[in-house]
Every structure is written in structure tokens, then in C-alpha cells.
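So the structure is just underneath, and the comments pick up after that.
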2 protein chains.
Amino acid sequence: MQKANITDIAEMAGLSITTVSRVLNGKAEQYRIGKKSQQKVREAAKKLNYVPNHFASNLRTGKSGTIALIIPSLNNPFFAGIASEINTAVRKFNYITIISDSDENVDTEKMELLQLAARNIEGLIIVPCGDQWEHMKEIQDMGIPVICIDRYFEDIDIPFISTDNYEGAFNATKYLIERGHSRITCIQGVQGSTPNRLRVKGFMDAMKEAGQENYIITGDDFTFHNGYLETKLLLQLKERPTAIFALSNTIAMGCMKALKEKNLQIPKDISLITFDDHPYLDYLSTPLSCVEQPVKDISIMAVKFLLSLIQGKSIAQSQVLLKPNLIVRDSVGAPAE
Amino acid sequence: MQKANITDIAEMAGLSITTVSRVLNGKAEQYRIGKKSQQKVREAAKKLNYVPNHFASNLRTGKSGTIALIIPSLNNPFFAGIASEINTAVRKFNYITIISDSDENVDTEKMELLQLAARNIEGLIIVPCGDQWEHMKEIQDMGIPVICIDRYFEDIDIPFISTDNYEGAFNATKYLIERGHSRITCIQGVQGSTPNRLRVKGFMDAMKEAGQENYIITGDDFTFHNGYLETKLLLQLKERPTAIFALSNTIAMGCMKALKEKNLQIPKDISLITFDDHPYLDYLSTPLSCVEQPVKDISIMAVKFLLSLIQGKSIAQSQVLLKPNLIVRDSVGAPAE
DNA sequence: AAAAATAGAACAAACGTTTGTACAAGAAAT
DNA sequence: ATTTCTTGTACAAACGTTTGTTCTATTTTT
């Protein structure tokens with residue numbers, strides 16, 4: 001049984017393809033198609049197992065019913081979570097998502113964007129992986145709405161939804177200080193990225209507010225490897241930090257590996273707190289305290305936002321920061337001395 | 001700057017759209033297009049920033065350059081890993097992947113398949129979430145190649161690539177037995193699914209071979225919740241098992257939660273081994289031993305396989321089982337008595 | 001010098017929709 | 001008995017490609 005098309009239905013129903021199309025698109029009333037005709041069309045469609053050809057309709061209408069999501073890595077549970085949420089949210093609007101991972105590589109990101117553009121995506125949600133935004137601006141200038149989530153750019157008019165990274169970092173740092181820590185090291189991610197800058201700023205401000213100048217900021221990537229290496233280096237210092245603030249869960253995992261190799265216990269020997277939550281964190285040797293980002297809210301807002309833009313509505317507020325949530329587990333203790 | 005089309009290029013180059021199309025599709029030689037003409041076309045295309053309209057070409061050719069991947073849940077790191085691998089593998093062939101998660105729900109799975117069919121996917125890679133296969137057979141009968149990975153069906157002629165679940169379970173069980181365990185409980189997943197059946201069989205055979213009849217098989221779902229509940233129940237028994245074999249990483253996490261709530265230590269109080277590996281497993285309170293599935297190999301094979309089928313090549317062997325790998329960490333010890 | 005072969009490029013149909021507009025037939029108004 | 005509405009439906013163009021076929025020069029052969 002070959003795929004039936006609108007013409008087959010028209011023949012079976014004894015009507016024109018115009019009529020069929022209008023009935024199937026819910027424009028029957030608008031074009032005053034008779035009840036019996038509607039009935040005939042629907043029956044024929046069912047009988048023929050009709051599935052509309054998206055390509056044809058998209059070619060005609062210019063609407064693809066597709067949005068793209070680019071994230072740095074599906075293997076990172078934090079982004080996988082975002083992808084999952086967005087996927088389901090988008091589907092509710094009868095759109096479909098094409099997910100791409102840029103592998104934390106700006107060039108890959110650019111290439112993928114080009115490929116996606118060729119597929120007539122109607123909108124783009126992206127967690128940019130670098131500090132470049134020109135290619136995203138280009139897409140936007142083509143009339144395709146773009147929304148950044150998680151990571152974003154401050155001075156460009158690309159809408160974004162993210163966590164209030166400053167507040168998250170500030171609170172986490174304050175929490176460390178309140179538990180008595182003063183020698184705290186912050187292992188950061190990509191320095192050019194806004195979230196990283198804000199997290200670092202939150203960290204520094206909290207330290208300064210407490211009159212602590214005894215801090216180190218190091219690292220340069222949101223990766224396992226960066227966390228591992230920097231921690232290794234830290235542990236060489238004659239005066240080790242008593243606490244580490246990792247600016248992502250990947251970094252934190254790297255830390256943990258390095259700590260484990262040195263047989264250091266958390267929080268007995270050293271305290272650790274991180275950005276990003278994940279179910280697994282609760283089952284680690286020491287359940288990890290963290291700054292939880294409102295992933296679900298971000299995802300849902302982003303989708304609603306994007307679809308509004310696609311429908312040509314302008315949105316009231318195009319730059320949104322949602323409050324993070326400090327989850328206290330067992331990885332922060334009193335400073336070891 | 002509006003999107004340029006083939007006609008714009010033709011005008012700029014002073015040639016017909018036919019010629020332009022042929023040059024751009026690499027059919028210049030075949031149709032003996034002159035070198036200068038080719039040059040002109042290419043220059044114009046570059047100058048106009050031409051991006052071909054996939055819809056139009058797909059409408060014409062019937063080829064969408066798209067394959068679909070349906071997995072039970074993106075939130076499960078095991079499947080996220082598969083998705084990531086497949087995504088990148090597919091991209092190398094200039095195809096694109098639409099990822100859907102069925103949320104472990106057969107009805108969702110069916111609905112998504114329908115939606116995807118309407119998008120003219122050229123092939124489907126699926127980790128089926130239930131024990132129904134009719135909808136997949138339908139797709140296949142429409143001439144769209146289908147490949148099951150991880151989970152599959154034995155008696156249907158849908159090609160599959162998976163782990164040798166029997167061997168994996170057999171070896172893991174044998175490993176437990178060798179460490180001295182005899183009272184072992186296996187917490188299984190969806191009973192109707194082939195991998196589950198084979199894992200259970202591997203478990204039972206290993207037990208029988210060792211002359212152990214003192215085992216329990218329980219559970220009915222590859223979920224966190226199932227693992228949690230079943231473990232809770234197990235711990236009520238007057239004669240607790242000394243080891244648990246969880247048939248998925250989600251189940252294992254549920255186990256761990258239940259064990260933790262009872263303040264039981266792994267492996268001191270009870271041993272645990274599981275199917276599926278994940279980086280996090282190495283950082284748990286007790287690094288978890290597991291049966292690692294060759295995710296990358298499965299993914300790459302599936303993609304190559306699928307693309308062969310799409311190109312109309314028949315494939316030599318359509319049912320492949322790859323060897324699993326037992327990763328020994330610290331979660332299995334001598335039985336507590 | 002005429003015929004044949006070759007190289008190079010264009011015509012036009014087709015893919016399956018959507019949609020502005022036109023048309024036909026009956027009902028209502030004159 | 002005409003004209004004017006209304007109701008219901010169909011025509012045909014358009015979306016941007018691809019591709020089988022045809023056409024026109026130019027070159028080669030006879």
C-alpha cells in the first residue's frame with residue numbers, strides 16, 4: 001500500500017483536492033464546505049491511511065514545524081535534562097525538535113547551525129558553547145527567532161533565559177564562608193562566557209563582603225578534564241584550600257577523581273560544592289551539595305517564548321534570570337586544619 | 001538579504017536553473033557542463049550565500065536526509081549516550097537525526113512514530129520501550145528500514161544490534177558466585193522484553209550451573225522506582241540476599257537509595273552489581289561494578305547498518321550481538337553473614 | 001561541402017501541498 | 001421572469017527543486 005496523497009482522497013470522495021485540503025486543515029467552515037462533503041473527505045482519509053506530506057506543505061507554506069536545539073553535549077546529564085524537557089514541551093505544540101550537540105566546539109556549532117538553517121527551522125534554542133555569537137545573530141537576522149538558555153551574551157539583543165548565576169555563586173560561597181572556610185578555590189569554566197563571569201563575580205563579591213582575600217580562581221573549561229587537572233595542581237600547594245567551588249558538575253567530577261586519587265575524603269579533608277544538580281549526586285560517596293538550576297522552568301519558558309516569537313508576537317521581557325536553589329547535602333563541612 | 005534560490009543563481013550566472021542544479025549536485029561531468037559555466041555557478045552561489053531548500057529537493061527526490069531515533073528516555077544517561085553517539089555518527093553521512101523520547105510509554109512511542117513517518121524519515125533506529133512491535137513492522141512495511149538496538153524482538157524480522165545480554169548476565173552472576181555469594185536476588189526490568197528475558201536466563205543458568213537454587217527474581221520495570229521498591233521489600237525478608245544483581249543502572253540507583261535508607265553499606269552489608277556503565281558509577285560511595293555494554297560500537301554499527309539498508313543494500317547479518325564487558329569496581333565483596 | 005557526431009545548455013514536467021479567485025447552482029429578492 | 005445573494009466547490013498558480021528529453025551550436029568525419 002503506497003502512501004496516499006490528497007489527490008487519492010479527492011478521487012475517492014469525488015471532490016476536488018482543494019476541498020480536501022481545506023477540510024483536512026480545519027478550514028471547512030471558513031470556506032463553507034458542506035457537512036456531507038467534510039464527512040466524505042474524512043472517511044476517505046481514514047480509509048486510505050492518509051499522512052500528509054510535510055515537505056510539500058512546508059514548501060508551500062514556508063513553515064517547517066521544526067525548531068532546533070543546540071547544546072554542548074548530550075553526554076552531560078545537565079544538558080540531556082534540558083534536551084528532554086524541551087523535547088516534550090515542544091511536542092505539545094505539534095512542533096518537532098532537532099537536537100544537535102556541538103561537542104563544546106564552536107566550529108561544530110557553526111557548521112550545525114548552517115545545516116539546520118538549510119532545513120528551514122522556524123526557531124532556535126541554543127546553549128552556546130563559546131564566546132562567539134555572530135553566527136547566531138545571522139540566523140536571527142534571517143528572521144528566525146533565537147533564544148539562548150543557560151549560557152548567553154549580555155550586550156547582544158538575543159533573548160535569553162538562564163539562572164541567576166551571580167546569586168547562585170554568591171549564595172554558595174556565602175554558605176562555604178558560614179561553615180568556616182576562608183581558603184576557597186573556585187574552579188571556573190570558559191572564561192569568556194557570561195555565566196562563568198557572573199559566577200566568578202558572585203564568588204568574589206561574597207568573599208570580599210566577608211573580608212576574605214585569600215582565594216584562588218583557576219581553570220578555563222567546563223570539562224571533567226579541567227576539574228581534574230586543576231585539582232591535581234591545587235593539591236600540590238603548600239597551603240591547600242579547605243574548600244573547592246566547582247562551577248559545573250563536570251568540573252566537580254574531575255575534582256572528585258583527583259581527590260580520590262590522593263585519598264582525600266569529602267568533606268573531612270576538603271569541602272566541595274558545585275553548580276548543577278543531578279540525581280546521581282545524591283548517591284556519591286559523599287552526596288554533593290550544589291546550586292540547582294531550575295532546568296525545567298528554563299526549558300518550558302524557552303519553548304513558550306520561542307513559539308511566541310515564531311508567531312510574531314513580541315515578548316515583554318526578553319532577558320530572564322531565574323532563581324537558583326542551594327541544595328545542601330553532605331559535601332561541605334568544617335575546614336580541615 | 002532574502003534567501004537566494006537556484007533561480008537567482010541562474011540569473012546571476014546567465015545560465016538556466018537546470019545547469020545550476022546540475023553543477024551544484026556534482027553532476028556537471030555527467031551532463032558535460034563546461035568548466036567556465038561551473039565556475040560561474042559556483043561563484044554566484046557563494047556570492048548569494050545560497051543554501052538549498054531541503055523541502056523542495058526532498059519533495060522532488062523523496063529523500064529527506066533524516067533518520068529518527070526513538071529512545072525510552074533522554075534522562076537516562078545510558079540512552080543519552082546512545083543518542084549522542086548516533087547523532088554524531090549520522091552527521092558524518094550528511095544525514096540528520098530527529099531524537100524522540102518515548103518516556104517508556106508504548107502509546108507515546110506509537111504516536112511519535114506516526115509523527116515521524118509524516119516527516120518522511122528515511123530510516124528508524126529504535127530502543128523499543130515495550131513488548132509491542134506491530135507499529136514498527138508497519139513502518140518497515142512502508143519501505144522504511146528499521147533497526148532495533150539494545151532492546152529487540154527475537155521472532156520478528158526486524159534487524160537488531162544489541163549486547164549479548166545472556167553472556168553479560170551469566171558472567172556477572174558467575175562473578176558473584178565466585179566471590180562466595182549464594183543467596184542472590186535479581187531485580188529485573190520489563191518482563192516482556194528480550195534483553196530482560198536473556199539476562200534473567202543468563203542469571204538462572206549461572207546459578208544452576210553452580211548448583212545454586214537459592215535465588216529470587218523479582219521486579220517488573222527498568223526504573224528507579226522499581227529498584228527502590230523491590231529492594232525495600234527484599235530487606236524485609238528474614239533471610240536477606242547477600243548480593244543483588246540489578247538489570248539496569250536505573251534499577252541499581254533505586255537499590256542504592258533503599259540500601260542507604262537502611263544504612264546498609266556496599267559491599268560490607270550487601271553486594272551489588274548492575275547492567276550498564278556510566279562515568280558517575282566510579283564516583284559513587286562505593287564504585288559500582290557493572291556489565292558494560294559496548295554503546296559506541298552498537299551505535300556506530302546501527303548507523304552504518306541503517307544507511308546500508310537505506311541505500312538498498314542488503315546486509316549480510318541482520319541480528320548482531322556484541323560482547324559485553326565486566327567492569328570490576330568495589331561493590332562486590334564477600335557475603336556478609 | 002554535406003553529413004554525422006559531440007559538447008553544452010535549456011525546456012518543461014513533476015513532487016504534494018496551499019490558497020486567491022472564479023465559477024455554478026439554487027434560494028431569495030425584486 | 002429577471003436580478004441578486006448565498007452556498008458549495010473547483011481551477012490553477014505557486015513553493016524550489018530535480019531530471020528525462022530536446023535543442024542548438026560547434027567540431028569532426030566522410
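Every chain is numbered from 1, with letters handed out A, B, ... down the list of sequences.
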Atom-pair distance ([atom1] on [X]; [atom2] on [N]), nearest Å:
X        : N      : atom1 : atom2 : result
B:Asn5   : D:dC15 : CG    : P     : 9 Å
A:Arg119 : D:dT17 : CZ    : C1'   : 15 Å
A:Leu59  : C:dC15 : CG    : P     : 14 Å
A:Tyr31  : C:dT19 : OH    : P     : 7 Å
A:Gln39  : D:dG8  : CD    : P     : 15 Å
B:Gln30  : C:dA9  : CD    : P     : 15 Å
B:Ile17  : C:dA10 : CD1   : P     : 10 Å
B:Asn58  : C:dG16 : CG    : C1'   : 13 Å

Check: A:Thr18 side chain, D:dC11 base, donor-acceptor under 3.5 Å: yes
Of the listed nucleotides ([options]), which one gets closest to any side-chain atom of [X]?
X       : options               : answer
B:Arg32 : C:dA10, C:dA9, D:dG16 : C:dA9
B:Leu15 : D:dT9, C:dA9, D:dT19  : C:dA9
A:Ser37 : D:dT9, C:dT17, C:dA10 : D:dT9
B:Asn53 : C:dA10, D:dG8, D:dG16 : D:dG16

For [X] and [Y], test the side chains for any donor-to-acceptor distance below 3.5 angstrom and give the result as yes or no.
X        : Y        : value
B:Gln38  : B:Arg42  : yes
B:Gln293 : B:Thr163 : yes
B:Thr18  : B:Ser21  : no

5'-most by nearest nucleotide on DNA chain D - B:Thr7 or A:Arg22: A:Arg22
Sugar-phosphate, base or nothing in reach of B:Asn25, heavy atoms under 4.0 Å: sugar-phosphate
Close side-chain approach of A:Ile147 and A:Val303, heavy atoms under 4.5 Å: no
Set of residues satisfying salt bridge (Lys or Arg N to Asp or Glu O under 4.0 Å) with respect to A:Arg91, sequence neighbours excluded: B:Glu112
DNA chain C: 5'-proximal contact among A:Pro52 and B:Ile33 (nearest heavy atom): B:Ile33
Answer yes or no: does a side-chain N or O of [X] lie under 4.0 Å from OP1 or OP2 of [N]?
X       : N      : result
B:Ser16 : C:dA10 : yes
B:Ser21 : D:dT19 : no
A:Thr19 : D:dA10 : yes

